[in-house]
Amino acid sequence: PTRTLSHLHPHPPPPPPSTMDAPSASDENPLSDPVAVIVTLQQYKRMLASQIERLRQDIQTCKTFQSKYGPSAWKGSLGHLQKALAARQNMLKDVQFQLDLVAASVRQGRGLCQQLTQLIGPPEIEVDVTQGLARSAPTTPYQAAQGGRPLP
């Protein structure tokens, strides 16, 4: 059964990209690397949390000024700050939702890899995540005697 994180986010996830889509110029963007996307989202999460805290402080200051000097002079500023706060809170929710999806996907993928390793053995290649390249897995003497492949 497929697990979803619908309880974490009220909006359904976007549809998967079509396999018929032609590669775009953005495929050469450094953010096409999944690790770069995750790190960037984590950085945005920190930035948004900081901005939200500052906006809350500014809203409180604005409310203090309203009570001190009258609401009419601060009404526009307060409205602007509240809109900015709501927008950043929504973006923070979206960022967190994406990070939760990635974490859930990694957990599911890790579990599948463990099942596959138990069922058919380790893969014939290793992935070097620091370089993003696949390379041949080290061959044990036993595997070399079997043609270099692990037995299922």
Side-chain angles (χ1 to χ4, degrees), residues 1-139 150:
T2 304
R3 296 180 186 170
T4 64
L5 297 175
S6 60
H7 65 283
L8 297 176
H9 198 274
H11 306 292
S18 169
T19 56
M20 302 299 286
D21 290 343
S24 66
S26 66
D27 290 339
E28 296 175 12
N29 184 327
L31 290 181
S32 64
D33 174 22
V35 175
V37 171
I38 293 167
V39 170
T40 302
L41 285 173
Q42 289 172 334
Q43 193 64 22
Y44 276 122
K45 180 181 173 182
R46 284 188 282 280
M47 290 170 58
L48 287 166
S50 175
Q51 290 177 3
I52 287 169
E53 180 58 33
R54 181 66 187 162
L55 284 166
R56 286 182 176 149
Q57 292 170 1
D58 290 349
I59 287 171
Q60 190 57 47
T61 300
C62 196
K63 287 180 179 180
T64 301
F65 288 166
Q66 275 187 324
S67 65
K68 204 173 199 181
Y69 303 110
S72 61
W74 302 99
K75 187 175 183 179
S77 296
L78 183 60
H80 174 75
L81 291 171
Q82 289 171 330
K83 276 183 163 179
L85 176 63
R88 280 165 180 76
Q89 286 173 326
N90 287 332
M91 290 303 297
L92 182 59
K93 286 178 188 176
D94 289 341
V95 167
Q96 186 60 55
F97 177 70
Q98 289 303 314
L99 289 171
D100 290 344
L101 281 177
V102 169
S105 180
V106 168
R107 280 191 302 273
Q108 289 175 338
R110 187 180 305 125
L112 180 57
C113 287
Q114 289 172 349
Q115 289 175 348
L116 289 167
T117 298
Q118 290 173 354
L119 181 65
I120 60 175
E124 295 180 22
I125 61 168
E126 290 180 356
V127 176
D128 183 351
V129 294
T130 61
Q131 298 297 320
L133 304 172
R135 56 187 163 111
S136 295
T139 305

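Quick note: numbers below take in every heavy atom, side chains included, and nothing from hydrogens, waters or symmetry partners.
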* Asked: Can any side-chain N or O of T40 pair as donor or acceptor with the backbone N or O of A36 at less than 3.5 Å?
  -> yes

Output the distance between atom [atom1] ([X]) and atom [atom2] ([Y]), rounded to the nearest 0.5 Å.
X    : Y   : atom1 : atom2 : result
Q51  : R46 : CD    : CZ    : 13.5 Å
T64  : Y69 : OG1   : OH    : 10.0 Å
L101 : Q96 : CG    : CD    : 10.5 Å

* To do: Grab the two heavy atoms, one from L55 and one from R88, that are nearest each other, plus how far apart they are.
  => CD1-CD, 3.6 Å

* Structure fact -> On a heavy-atom basis, the closest approach of I38 and L99 is O-CD2, 4.1 Å

* Asked: Is the closest side-chain heavy-atom distance between Q89 and R56 below 4.5 Å?
  -> yes

* Asked: Taking only residues two or more places apart in sequence or in another chain, which ones pass side chain to side chain donor-acceptor pair (under 3.5 Å) with R110?
  -> none

* Structure fact -> Sorted by chain and number, sequence neighbours left out, salt bridge (Lys or Arg N to Asp or Glu O under 4.0 Å) with R54 holds for D58

* Asked: Do D94 and Q98 have a side chain donor and acceptor closer than 3.5 Å?
  -> no

Let me check something: any side-chain donor-acceptor pairs from residues 72-86 under 3.5 Å, sequence neighbours excluded? List them with distances.
none

